[in-house]
Amino acid sequence: MARLGTLERSIMDALWEHPDGVFAHDLAAKLPSRPATTTVLTVLVRLTHKGLVSRERVGRAHLYRAAVDRDAVVAEAMRAALDEAGDLEGAVQRFVGTVSPEVAAALREALDARDAR
């Protein structure tokens with residue numbers, strides 16, 4: 001799963017907010033940047049090919065839905081960012097040094113659960 005561009009992220013955020021699905025023209029109207037419907041359609045097709053969006057034919061249009069949840073996309077972005085680190089240990093140390101106690105506890109719990117498997 002590749003990193004999302006700004007418009008891709010805005011579209012995914014809108015789809016996550018509307019789990020029952022959205023038509024492209026309605027989606028374009030909801031986005032703060034007010035892109036053209038054709039632009040939104042292009043991005044939706046790209047996101048569909050990436051496996052992030054599903055579509056269902058409804059009459060002459062398609063209803064679009066997020067095919068993955070937000071947490072999966074965030075987790076993949078975190079993994080991809082770490083893959084780009086020149087110094088993995090240094091990057092992780094810097095990251096851990098900046099997180100809240102709640103995030104540190106969640107990381108500790110996840111690592112403990114992984115080790116228990």
Side-chain angles (χ1 to χ4, degrees):
M1 190 181 320
R3 284 191 175 172
L4 298 177
T6 304
L7 184 54
E8 289 175 322
R9 180 62 191 221
S10 293
I11 287 172
M12 290 304 299
D13 286 340
L15 292 174
W16 286 319
E17 290 173 14
H18 298 89
D20 293 334
V22 183
F23 292 103
H25 64 276
D26 295 330
L27 188 54
K30 292 178 188 304
L31 297 173
S33 61
R34 299 281 189 225
T37 300
T38 54
T39 301
V40 171
L41 282 166
T42 298
V43 175
L44 284 166
V45 168
R46 191 176 317 133
L47 291 169
T48 300
H49 289 134
K50 290 180 180 182
L52 300 175
V53 171
S54 66
R55 68 183 189 173
E56 172 190 348
R57 188 105 173 139
V58 178
R60 292 177 43 191
H62 286 98
L63 188 66
Y64 293 89
R65 291 184 182 88
V68 296
D69 66 19
R70 186 185 310 257
D71 293 342
V73 173
V74 170
E76 176 59 24
M78 292 166 53
R79 190 206 52 77
L82 288 173
D83 284 350
E84 293 178 12
D87 173 10
L88 179 61
E89 187 175 330
V92 169
Q93 289 294 331
R94 284 184 183 89
F95 172 70
V96 169
T98 65
V99 299
S100 69
E102 294 81 15
V103 172
L107 286 168
R108 217 173 270 110
E109 186 177 318
L111 289 169
D112 288 346
R114 179 181 172 183
D115 290 344
R117 286 187 250 158

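Since the structure is predicted, the reported quantities are computational estimates derived from the model, not experimental observations. Note that these values count all heavy atoms, side chains included, but never hydrogens, waters or copies made by symmetry.
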Taken to the nearest 0.5 Å, the spacing of F95 CZ from L82 CG works out to 7.5 Å
So OG of S54 and CG of L47: to nearest 0.5 Å the spacing works out to 11.5 Å
Is it possible for you to say whether [X] and [Y] belong to one hydrophobic cluster, with membership spreading through side-chain heavy-atom contacts below 4.5 Å?
X	Y	answer
L31	L52	yes
F23	M12	no
V96	L88	yes
V53	V45	no
L7	L15	yes

Do you know which two heavy atoms are closest between [X] and [Y], and how far apart they sit?
X	Y	value
A24	L44	CB-CD1, 3.9 Å
L27	A14	CD1-CB, 3.3 Å
G21	L63	C-CD1, 3.5 Å
A85	A91	CB-CB, 3.7 Å
A28	P35	CB-O, 3.6 Å

Heavy atoms of other groups near [X] [atom1], more than 12 under 6.0 Å:
X	atom1	result
R94	CZ	no
E109	CD	no
R114	CZ	no

Tell me whether D112 is salt-bridged to R108, with the criterion being a basic N under 4.0 Å from an acidic carboxylate O. no
Query raised in the report: Quick one: do E17 and K30 make a salt bridge, cutoff under 4.0 Å?
Result: no
* **side chain to side chain contact (heavy atoms under 4.5 Å, CB included) between Y64 and V40, intermediate numbers included** => CA-CA 11 Å; Y64 293 89; V40 171; over 6 Å; no
When V43, V22, L4 are each screened for side chain to side chain contact (heavy atoms under 4.5 Å, CB included) with I11, the one that passes is V43
